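Just the heavy atoms: all of them, side chains too, but no hydrogens, waters or symmetry mates, feed the values below. Only a predicted model underlies this, so the values are computations on that prediction, with no experimental measurement involved. Along the sequence shown, residues are numbered consecutively beginning with 1.
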Amino acid sequence: MAAISSRGSRRRRTINEINMVPFIDVMLVLLIIFMVSAPLITTGLVDLPSVGRSKTQPQHVIHVIVGADEKLKIKLDKQEPESLQINRLAERVKSAQAGEATTPVVISADKSVKYEAVVKVMDILQSAGIQRVGLAVRNGPAESSEHKP
């Protein structure tokens, strides 16, 4: 009986360590999958417009100002702005250009104005055949003081 009891006392030791080999194999397979699939993923890039300063400023500029209440004003060069009805906008801009189609028209709008109002002004000017229409922007952060043309 002593022989039997000696065999029964031999038990397997419990392993207190984690076998890392399967974990490393799985990680290497995942790494290879990501390395192969990463170049195939197309990212959605948006080409944003940039704002720069022109080297030469035009002599005559016509400013169309859209106020916070969506009322229009027109300002010629450095004169005082004058109120204007939207149905007379194209006619007034054409007369301010005085036959020079290259005179630029700059639209300045309050930041609280609906986008639709600015687009409507641009559409009226484009329908009238005015060639050089642009938007006034402010360089720097949007939180700074309001733009005054």
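- To the nearest 0.5 angstrom, Gln97 atom CD is 11.5 Å from Arg92 atom CZ.
- Think of Val29 as one node in a network of Ile, Leu, Val, Met, Phe, Trp and Tyr side chains linked at under 4.5 Å; its network also takes in Ile33.
- Listed by chain and number, the residues in a side chain to side chain contact (heavy atoms under 4.5 Å, CB included) with Val21 are Asn19, Asp25 (sequence neighbours excluded).
- Applying the under-4.5 Å side-chain rule to Ile, Leu, Val, Met, Phe, Trp and Tyr, the cluster around Val36 extends to Ile32.
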Donor-acceptor contacts, no H, no angles, side chain residues 115-137, under 3.5 Å, sequence neighbours left out:
unit_1, atom_1, unit_2, atom_2, d
Ser127, OG, Asp123, O, 2.9
Arg132, NH1, Thr102, O, 2.7

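- In terms of the side-chain hydrogen bond (donor to acceptor under 3.5 Å, both in side chains) criterion, Ser83 has no residue partners (sequence neighbours excluded).
- Evaluated for a side-chain contact (heavy atoms from CB on, under 4.5 Å) with Leu28, the options Val26, Leu30, Ile24 yield exactly one hit, Ile24.
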Can you give each donor-acceptor pair under 3.5 Å made by side-chain atoms of residues 66-73, sequence neighbours left out, with the distance rounded to 0.1 Å?
unit_1, atom_1, unit_2, atom_2, d
Asp69, OD1, Lys71, N, 3.3

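- Clustering of Ile, Leu, Val, Met, Phe, Trp and Tyr by side-chain heavy atoms under 4.5 Å joins Val61 with Val106.
- In summary, Arg88 and Glu91 engage in a salt bridge, as defined by a charged side-chain N under 4.0 Å from a carboxylate O.
- Taking the charged nitrogens against the carboxylate oxygens, Lys75 and Glu82 have no contact shorter than 4.0 Å, which rules out a salt bridge.
- In this structure, Ile65 is not a member of the same hydrophobic cluster as Leu89, with clusters built from ILVMFWY side-chain heavy atoms closer than 4.5 Å.
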